[in-house]
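Some notes on the structure that comes next.
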Amino acid sequence: QVQLVESGGGLVAAGGSLRLSCAASGSIVSVNDVGWYRQAPGKQRELVARVTTGGSTNYADSVKGRFTISRDNAKNTVCLQMNSLKPEDTAVYYCNAVITYYSGGYRAIDYWGQGTQVTVSS
């Protein structure tokens, strides 16, 4: 069984920093593309940042220059370093990953974590 667990959310003042982690565990063959998404109250879920298997990254315009996504393939972990946080960054942040595992054959499934709350006070 595969699990995807986020951690690192919390309450921070505007201008502060937080580091989110997304750890995959279980009978994993590989963790492929990974994305961090967020959903604020009353808004649609949006892509914040994504990192491919090869390490290429892309970011939402609203976070470019402030957020950095990185991955540690040996630990099956992806982190999102968030600096210069703004009140509008307040949301539940979700990790999304395409994970290949073996169960009578190789299978690739799109997983979502449970989400972690990030609150930025003004």
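- Remark: the backbone N or O of K75 is paired with a side-chain donor or acceptor of T77 at under 3.5 angstrom.
- The closest side-chain heavy-atom distance from Y93 to M82 is below 4.5 Å.
- With R71 contributing its side chain and V31 its backbone, the two residues share a donor-acceptor pair below 3.5 Å.
- Atom OG1 in T53 sits 7.5 Å away from atom CG in N73 (nearest 0.5 Å).
- Applying the ring pair (Phe, Tyr, Trp, His ring centres under 6.0 Å) test to every pair with at least one member in residues 102-122, sequence neighbours left out, gives these pairs: Y37-W112, Y102-Y106.
- One finds the CG atom of N58 at 6.0 Å from the CG atom of L47 (value rounded to the nearest 0.5 Å).
- Under the ring pair (Phe, Tyr, Trp, His ring centres under 6.0 Å) criterion, Y101 pairs with no residue, sequence neighbours left out.
- Not a single donor-acceptor pair under 3.5 Å links the side chain of N76 to the backbone N or O of S25.
- Nearest heavy-atom pair across A14 and P87 is CB-CD, 4.1 Å.
- Between C22 and L4 there is a side-chain heavy-atom pair separated by less than 4.5 Å.
- Evaluation of the side chain to side chain donor-acceptor pair (under 3.5 Å) rule for R19 yields Q81 as partners, not counting sequence neighbours.
- Between the side chains of N32 and T100, a donor-acceptor pair is found at a separation under 3.5 Å.
- Just one of V34, L20, V5 meets the side-chain contact (heavy atoms from CB on, under 4.5 Å) condition when paired with C95; it is V34.
- Salt bridge D61/K64: present, at least one basic N to carboxylate O contact under 4.0 Å.
- A heavy-atom distance below 4.5 Å is not found between the side chains of V2 and I109.
- The distance from atom OG of S27 to atom CD1 of I99, rounded to the nearest 0.5 Å, is 11.0 Å.
- More than 12 non-hydrogen atoms from other residues, nucleotides or ligands lie less than 6.0 angstrom from CD of Q39.
- Note that OG1 of T119 and CD of Q117 are 4.0 Å apart. Values are rounded to the nearest 0.5 Å.
- A donor-acceptor pair is defined here as one N or O able to donate and one able to accept, closer than 3.5 Å; such a pair exists between the side chain of T90 and the backbone of V120.
- In this structure, the side chains of L85 and L18 come closer than 4.5 Å at one or more pairs of heavy atoms.
- Between T116 atom OG1 and Y94 atom OH the span is 10.0 Å, to the nearest 0.5 Å.
- Contact check for N96 versus W36: no side-chain heavy atoms found under the 4.5 Å cut-off.
- Here CZ of R38 is found 8.0 Å from CD of E88. Values are rounded to the nearest 0.5 Å.
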